[in-house]
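Scroll down for the structure; my scribbles are underneath it.
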Amino acid sequence: MADDKKLTPRAQDFSAWYNEVVLKAELADYSPVRGCMVIRPDGYGIWERMQRALDDMFKATGHRNAYFPLFIPESFLKKEAQHVEGFAPETAVVTHGGGKKLEEPLIVRPTSETIIYAMFAKWVQSYRDLPLLINQWANVVRWEMRTRLFLRTLEFLWQEGHTAHATHDEAEEEARRMLGVYRDFMEGWMAMPVITGQKTDSERFAGALRTYSCEAMMQDNKALQAGTSHNLGQNFAKAFDLKFQTESGGTEFAWNTSWGVSTRMIGGLVMTHGDDNGLRVPPMLAPTEVVIVPIWRTDEERDRVFEAAHRIKATLAAGEQRGANRLRVHVDAREGIKPGAKYFEWELRGVPVRMELGPRDLDKAQAVVVRRDTREKRPVSLDALGRDVADLLERIQGDMLVAARDRRESNSFRGEITYDRFREVMNAEGAFVYAGWCGDGSCEAQVKEDTKATIRVLPDEEFRSAEAPTKCMHCGRGATSEALWAKAY
RNA sequence: CGGGACGUAGCGCAGCCCGGUAGCGCACCUGAAUGGGGUUCAGGGGGUCGCGGGUUCAAAUCCCGCCGUCCCGACCA
């Protein structure tokens with residue numbers, strides 16, 4: 001293969017590589033509106049599978065879907081002091097409708113807490129109405145100054161869960177439970193390992209008591225905040241008069257949580273798994289799991305190979321050799337394109353398994369199976385193909401997670417680190433550094449100024465270093481907690 | 001909003017300094033050969049050169065103004 005046909009090597013310029021993969025794999029395109037993105041069918045296919053998987057997980061935890069308005073009265077946003085402070089600068093505002101100036105401007109939702117809790121206030125009377133567990137799939141708008149495909153666009157698709165509970169502890173449990181759901185999804189479906197934990201005050205959601213986050217490491221060693229879950233306390237309940245009557249007859253404000261993940265995850269997927277040949281999609285999220293590339297010379301050979309290819313597709317799609325495990329298979333029947341060109345195209349698009357099928361294979365009752373993640377190639381007997389391919393897909397799914405975790409860990413620092421060394425690492429290749437923090441926001445700010453690194457989360461117990469921190473990495477004072485430091489998107 | 005760069009075919013670009021028939025690569029269409037890792041040859045379609053004004057016999061090219069985009073900062077999921 002000629003080097004000049006490869007994608008930009010990511011070591012040289014990760015951003016350029018990322019943009020090229022997203023555009024060339026046809027996941028998305030730039031729209032005529034600056035900062036807005038068009039998600040193309042290939043990208044949307046991945047999103048649909050993400051949606052379906054998450055939706056099932058939400059249903060299993062008792063949540064139900066609903067839909068709330070795109071427009072939010074300006075006054076709603078202003079009811080919660082921190083919330084308006086956080087979001088007002090990045091809102092799009094509708095001032096005219098039907099050719100007339102509106103009496104009150106309408107905000108295009110940047111998030112829906114205000115309008116949802118205004119409705120909750122109508123719906124909740126008694127403790128018997130709680131918990132109220134709602135999710136909505138929607139688009140939101142945040143007027144960002146600089147945008148990037150999938151990672152930060154003016155408009156994006158997401159889900160936002162909103163719940164109301166009778167007690168603080170119940171809300172706290174909910175916020176943590178949904179963070180766990182996100183982690184299960186990101187690791188189980190996306191093969192993208194994440195560090196979970198609590199955000200510091202400086203990165204807490206505007207209006208929340210506590211914010212929890214899933215942080216993933218991209219291949220340039222930067223962190224991507226892939227999902228967040230908030231314990232909102234009673235802040236919004238008080239602002240929107242969301243009260244309920246308790247069992248003992250008293251009146252109390254409800255406790256809320258909100259949590260969301262977005263199309264940003266697709267960007268995370270690309271930056272976690274992509275390589276110099278393009279995209280790699282984990283099997284569980286791949287709209288097409290197996291692509292069959294028929295190879296032929298003569299018309300007779302073509303007929304024979306096509307017949308076999310479609311028979312194999314039918315077998316795999318029906319899951320006949322493996323019970324319920326139906327595979328998503330595509331036969332690339334295009335004529336006039338050489339097989340080699342097809343290989344490169346499907347690799348660029350990230351289809352996990354490619355099956356090469358030619359006359360020589362049929363003579364031997366086999367097919368050549370190539371896995372996208374390692375590009376390992378091996379012949380497989382047609383007799384047990386269904387089982388073999390299904391097993392291979394499971395192995396790829398698992399191996400991709402292991403590979404991503406290994407890469408993250410080999411770029412992580414745990415235990416003692418001097419601030420000089422920290423600066424050196426952050427300003428060079430970047431890393432995840434677990435180090436003590438005194439809890440003072442000014443230390444956090446100073447580190448950010450020195451290195452652009454911030455505290456991504458205060459990690460959960462299981463992700464901390466073996467040695468508990470004793471000193472703040474920056475100021476040397478006693479550490480109150482251990483923090484995960486990294487540069488972020 | 002500060003600093004820099006750029007607007008020419010769907011995409012990527014050359015041409016501009018030194019004014020004179022609108023070019024190249026990829027992609028697309030037609031035909032033939034090819035076909036187990038990015039085929040080759042031949043033919044073909046497609047552009048008010050970002051917009052407006054000025055100079056000139058003549059402007060993609062020179063001058064003035066505007067608009068837009070991208071990159072770096074500030075900001076942020």
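Quick note on labels: first sequence line is chain A, next is B, and so on, each numbered from 1.
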Worksheet, complete the sentence: d(A:E409 CD, A:F432 CZ) to nearest 0.5 Å is 9.5 Å
Discussion item. With a 4.0 Å limit, can you tell me whether A:K338 has a side-chain N or O closer than that to the phosphate oxygens OP1/OP2 of B:G36?
Written reply: yes
Worksheet item: Honestly, is A:R354 close enough over A:Y343, meaning NZ or CZ under 6.0 Å from the six-membered ring centre and within 45° of the axis?
Response: yes
Discussion item. For the P atoms, the ones on B:C24 and on B:C71, what distance do you get once it is rounded to whole angstrom?
Written reply: 31 Å
Practice prompt. Please measure how far the P atom in B:A9 lies from the corresponding atom in B:G23, and state the result in whole Å.
Written response: 14 Å
Worksheet item: Distance check: side-chain N/O of A:K448 vs OP1/OP2 of B:A74, anything under 4.0 Å?
Response: no
Worksheet entry | Same-atom distance (P) from B:C63 to B:G20, integer angstrom | 15 Å
Discussion item. Please report the distance, rounded to the nearest Å, between CD1 in A:I295 and C1' in B:U39.
Written reply: 15 Å
Worksheet item: With both distances under 3.5 Å as the test, what is the Watson-Crick or G-U wobble partner of B:U39?
Response: B:A33
Worksheet item: What heavy-atom pair brings A:V281 and A:R349 nearest, and what distance separates the two atoms?
Response: CG2-O, 3.9 Å
Practice prompt. Mark yes or no for a side-chain to base donor-acceptor pair under 3.5 Å between A:K377 and B:G37, with no hydrogen or angle criteria applied.
Written response: yes
Worksheet item: Just how far, in rounded Å, is C1' of B:U34 from NZ of A:K342?
Response: 14 Å
Worksheet entry | C1' spacing across the pair B:G45 / B:U55, given as an integer number of angstrom | 37 Å
Worksheet item: Is there a Watson-Crick or G-U wobble partner for B:A59 with both distances under 3.5 Å, and if so, which one is it?
Response: none
Worksheet, complete the sentence: Taken to the nearest whole Å, CD/A:E345 to P/B:G35 is 21 Å
Worksheet entry | Over all atoms of both residues, closest heavy-atom pair of A:L133 and A:T61 | CD1-O, 4.0 Å
Fill in: B:G68 - base-pair partner by Watson-Crick or wobble geometry, distances under 3.5 Å
B:C6
Item to complete: Respond yes when some side-chain nitrogen or oxygen of A:R297 is under 4.0 Å from OP1 or OP2 of B:G35, and no when none is.
Response: yes
Worksheet item: Does B:C18 have a Watson-Crick or wobble partner in any strand here, with both distances under 3.5 angstrom, and which is it?
Response: none
Worksheet item: When you compare B:C6 with B:A14, how far apart are their P atoms, in angstrom units rounded to a whole number?
Response: 9 Å
Worksheet entry | Distance, rounded to the nearest Å, where A:Y30 contributes OH and B:G10 contributes P | 18 Å
Fill in: Donor-acceptor pair under 3.5 Å, A:R302 side chain vs B:G35 base
no
Fill in: Integer-rounded Å distance: B:G37 C1' and A:I337 CD1
14 Å
Discussion item. With a 3.5 Å limit on both atom pairs, tell me what B:C24 is paired to, counting Watson-Crick and G-U wobble, or say none.
Written reply: B:G12
Worksheet item: Starting at the 5' end of RNA chain B and moving along, which residue's nearest nucleotide shows up first, A:Y489 or A:A341?
Response: A:A341
Worksheet entry | Nucleotide nearest A:R152 (side chain, heavy atoms from C-beta), chosen from B:G73, B:C76, B:G37 | B:C76
Discussion item. Output the rounded distance in Å from CZ (A:R40) to C1' (B:C11).
Written reply: 12 Å
Worksheet item: Rounded to whole angstrom units, what separation is found between the CH2 atom of A:W296 and the P atom of B:U39?
Response: 13 Å
Worksheet item: Say you pick atom P in B:A74 and the same atom in B:G7; how far apart are they, in whole Å?
Response: 28 Å
Worksheet item: Which nucleotide, in any strand shown, forms a Watson-Crick or G-U wobble pair with B:G73, with both distances under 3.5 Å?
Response: B:C1
Discussion item. As a test of reading the structure: which of B:G36, B:G38, B:C76 is closest to the side chain of A:Y343, going by heavy atoms?
Written reply: B:G36
Item to complete: Starting at atom CG of A:D361, determine the distance to atom P of B:G37, rounded to an integer number of angstrom.
Response: 12 Å
Worksheet item: What interatomic distance, in whole Å, is found between P of B:C16 and the corresponding atom of B:C62?
Response: 9 Å
Worksheet item: A:L151 near the nucleic acid: base, sugar-phosphate alone, or nothing, with a heavy-atom cut-off under 4.0 Å?
Response: base
Worksheet item: With sugar-phosphate meaning primed atoms plus P, OP1 and OP2, does A:G336 contact a base, only sugar-phosphate, or nothing at under 4.0 Å between heavy atoms?
Response: base
Item to complete: Look up atom CG in A:L285 and atom CZ in A:R49, then write down how far apart they are to the nearest 0.5 Å.
Response: 7.0 Å
Response to the item:
Taken to the nearest 0.5 Å, the spacing of A:F205 CZ from A:H230 NE2 works out to 5.0 Å
Fill in: Distance, C1' atom - from B:U8 to B:G46, rounded to whole angstrom
14 Å
Item to complete: Could you pull out the closest heavy-atom pair between A:D373 and A:R280, with the gap in Å?
Response: O-NH1, 2.9 Å
Discussion item. For B:G37, does the base pair up with any side-chain atom of A:E347 as donor and acceptor (N or O, under 3.5 Å, distance only)?
Written reply: yes
Practice prompt. Give none if B:G45 has no partner; otherwise give the nucleotide forming a Watson-Crick or G-U wobble pair with it, both distances under 3.5 Å.
Written response: none
Practice prompt. Looking only at non-hydrogen atoms, find the nearest pair between A:V329 and A:T288 and report the distance.
Written response: C-CG2, 4.5 Å
Worksheet item: Considering heavy-atom distances to RNA chain B, does A:M145 or A:T153 have its closest nucleotide positioned more toward the 5' end?
Response: A:M145
Discussion item. Within the 4.0 Å heavy-atom criterion, would you say A:V293 contacts the bases, only the backbone, or no part of the nucleic acid?
Written reply: nothing
